[in-house]
Asker: 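Pasting a structure here, questions to come.
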Protein chains: 2
Amino acid sequence: MAETRERIFEAAKQLGWRPNSVARSLSLGRAYALGMLIPTFANPAYASMIAGAQRAAEDSGNVLLVTDTSDNEARMKVQIERLADRADGFVVASAALNSPTVALLQERGLPFVLLNRRSAGEHVSVVGDDEAGVHMSLEYLSLLGHRRIAYLAGPRGVDTVERRVGAFRDFVRSQGLPMPKDWVYRGSLAPDRLLAGLTRIMSAPADERPTAVVAVNLLTASQVLSGLRGLGIGVPEDVSVVGFDDWPLAEHLWRPLTTVRMPTEAMGEQAVRELLTVLEGQSSPRETRVEVPPELIIRESTAIPPVPALRSARRPR
Amino acid sequence: MAETRERIFEAAKQLGWRPNSVARSLSLGRAYALGMLIPTFANPAYASMIAGAQRAAEDSGNVLLVTDTSDNEARMKVQIERLADRADGFVVASAALNSPTVALLQERGLPFVLLNRRSAGEHVSVVGDDEAGVHMSLEYLSLLGHRRIAYLAGPRGVDTVERRVGAFRDFVRSQGLPMPKDWVYRGSLAPDRLLAGLTRIMSAPADERPTAVVAVNLLTASQVLSGLRGLGIGVPEDVSVVGFDDWPLAEHLWRPLTTVRMPTEAMGEQAVRELLTVLEGQSSPRETRVEVPPELIIRESTAIPPVPALRSARRPR
DNA sequence: TTGTAAGCGTTATCAA
DNA sequence: TTGATAACGCTTACAA
């Protein structure tokens with residue numbers, strides 16, 4: 001009986017015997033391990049997705065095998081090959097919108113769920129409500145009186161980024177805000193390029209340039225802060241800055257950063273739960289939004305727009 | 001012959017066949033996987049150790065299985081149990097000075113090398129030159145003219161921390177600098193506790209309190225910056241601040257932080273190389289120092305001490 | 001209920 | 001050189 005089996009297992013364990021998980025995997029055809037592909041450990045947002053995922057994995061008796069892909073498709077391929085038999089499925093947080101990796105997983109029949117970044121085609125994915133996050137930051141700026149708002153997005157091709165810019169554009173349109181072409185920056189996020197872009201946007205006279213800048217992520221936001229500081233533009237008295245993602249250091253930047261905190265930990269957690277149901281064959285392609293809503297963390301990088309700007313905005317043309 | 005074997009493997013691969021790595025592990029008794037235990041993904045210093053380790057692992061045909069231990073011994077135990085058969089050895093970056101985990105690894109005969117943090121007893125370990133890092137930051141402060149220097153270390157029990165405080169104490173002694181008892185803070189690094197400690201140290205009159213504060217890591221340093229800002233103490237004009245570890249955000253803090261950059265990536269790399277030699281049975285217990293020296297990144301949080309302090313320091317008593 | 005054997009996909013050994 | 005076979009350590013199905 002099962003109970004006796006348990007007792008024997010326990011007794012054996014006391015004597016120093018432990019079942020060999022490799023042999024177990026081979027016999028069972030199941031590894032009780034889940035792979036997780038992360039663009040980079042360097043981005044703190046992923047650190048907490050991993051933390052959440054790992055907790056969920058451990059709670060369900062699985063181990064989580066995490067790798068850093070550097071957003072490099074060739075590396076991802078190698079890692080998937082090497083982990084294919086050792087893991088029962090994958091949480092993929094580093095998919096590009098058109099990723100050969102996703103194709104590879106599909107053709108090899110490896111179960112997977114996308115996290116944070118979706119990809120073209122049908123598959124199960126778990127994402128946070130980035131649109132709501134952007135929306136709430138814009139609403140807040142709007143409430144403060146800002147009407148001229150720029151968005152620093154970075155290059156095309158990543159789902160999350162597109163969702164965030166999309167939400168920005170929707171808001172701007174629905175509120176009838178001004179939208180000169182270069183107020184949405186789509187260039188490289190490399191420090192010098194970004195600074196050049198920011199400088200261009202800010203080179204207009206004070207009553208024509210944006211009174212608020214929204215950045216696509218935390219690092220970009222902090223570069224913006226430093227950039228404005230270098231340009232001699234005050235934050236928040238001249239320009240307000242809002243970031244995306246949160247992290248202890250965000251509080252200690254040149255100006256403590258107002259930013260959108262995404263439920264990253266819950267996202268990681270839900271991704272593995274979703275993957276587990278896929279492994280049980282219970283799931284069909286669909287997109288899951290994590291229920292936990294984003295949160296706007298208001299600190300000191302935002303304020304009402306400068307008075308001249310207000311005057312100019314109200315002056316009839 | 002071996003060559004034919006290769007050709008057949010290649011042909012089979014074309015046809016979609018791939019050797020099953022689990023079966024391979026079982027047969028070979030070797031998994032070609034290495035475990036890595038990290039205190040927390042949230043600390044950016046570890047992110048780059050992982051990056052280095054993963055590169056070295058991949059280059060040698062291994063996969064790196066990384067887990068976040070939360071510095072929790074119980075969790076480490078579970079993770080080691082679950083990875084014991086799936087990995088050939090472990091890189092342990094989250095060992096406490098007296099860690100049951102190390103004992104566990106030893107009694108189960110699992111090969112391992114300690115990274116960054118050493119532990120009591122004999123074992124192979126890879127560390128950076130923390131002492132040199134601290135030393136160079138203190139030399140720099142000294143050169144600027146600082147003589148009253150405080151060190152915020154945090155709780156006892158972690159090897160790296162002890163090495164850093166040790167180096168601080170050595171320097172202070174060798175230079176005959178003043179060293180009131182509470183200038184070395186050994187309390188909790190929780191924000192409120194740390195702030196209380198800092199406030200106490202800074203509550204002395206300006207010409208008696210420290211003119212420079214050195215922090216044990218990046219987060220602590222940024223908390224110190226914010227703390228001083230809150231106290232209305234200027235950085236660097238009233239007090240200089242030096243951190244430990246570097247990260248892109250360090251440049252964007254309230255004051256761009258002068259800090260010691262450790263060769264974290266090289267450390268991770270070397271740890272897996274070291275582990276690989278252990279696995280080949282070539283290694284006896286020893287400590288390896290990573291050759292790459294620390295680097296002092298000078299930014300804007302340090303300057304010459306304030307003039308009144310200089311005057312007071314020079315005034316004969 | 002208990003014990004035995006087959007199978008998981010490799011590699012390694014030993015005859016042929 | 002080739003080909004069959006045991007072994008890795010577990011699970012499960014089937015006979016005793």
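Residue numbering restarts at 1 for every chain, and letters A, B, ... go by the order of the sequence lines.
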Asker: Does B:Arg24 put a side-chain nitrogen or oxygen below 4.0 Å from OP1 or OP2 of C:dT11?
Answerer: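 Answer yes for this pair, as a side-chain N or O of B:Arg24 is under 4.0 Å from OP1 or OP2.
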Asker: Among D:dC10, C:dT11, D:dT12, which is the nearest nucleotide to the side chain of A:Pro19?
Answerer: D:dC10
Asker: So what does B:Arg18 touch, heavy atoms closer than 4.0 Å: a base, only the sugar-phosphate, or nothing?
Answerer: sugar-phosphate
Asker: Does A:Glu131 come within less than 4.0 Å of A:Arg164, counting only side-chain N to carboxylate O?
Answerer: no
Asker: Looking only at side-chain atoms of B:Ala23, point me to the closest of C:dC8, C:dT10, C:dA12.
Answerer: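 Shortest atom-to-atom distance from the side chain points to C:dT10.
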Asker: Can you check the B:Tyr32 OH to C:dG9 P distance for me, whole Å?
Answerer: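 To the nearest whole Å, that distance equals 21 Å.
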Asker: Can you tell me how far P of C:dG7 sits from CZ of A:Arg30, to the nearest Å?
Answerer: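 Between P of C:dG7 and CZ of A:Arg30: 24 Å.
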Asker: From C-beta outward on A:Ser27, which listed nucleotide comes closest to its side chain: C:dT10, C:dG7, C:dT11?
Answerer: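 In terms of side-chain proximity for A:Ser27, the closest of C:dT10, C:dG7, C:dT11 is C:dG7.
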Asker: Can you tell me if A:Gln79 and B:Glu58 form a side-chain donor-acceptor pair at under 3.5 Å?
Answerer: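 Distance-only check passes for A:Gln79 and B:Glu58.
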Asker: Do the side chains of B:Glu73 and B:Lys77 get close enough for a salt bridge, i.e. N-O under 4.0 angstrom?
Answerer: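 No.
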Asker: To the nearest angstrom, how far is A:Asp88 atom CG from C:dC8 atom P?
Answerer: 18 Å
Asker: Does A:Leu26 reach a base, just sugar-phosphate, or nothing at all? Heavy atoms under 4.0 Å.
Answerer: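 Result for A:Leu26 = base.
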Asker: Look at the side chain of B:Thr277 and the backbone N and O of B:Glu274, then say whether any donor-acceptor pair between them is shorter than 3.5 Å.
Answerer: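 Checking the backbone N and O of B:Glu274 against the side chain of B:Thr277, a donor-acceptor pair under 3.5 Å is found.
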Asker: Taking CG from B:Asp85 and P from D:dT11, how many angstroms apart are they, rounded to a whole number?
Answerer: 12 Å
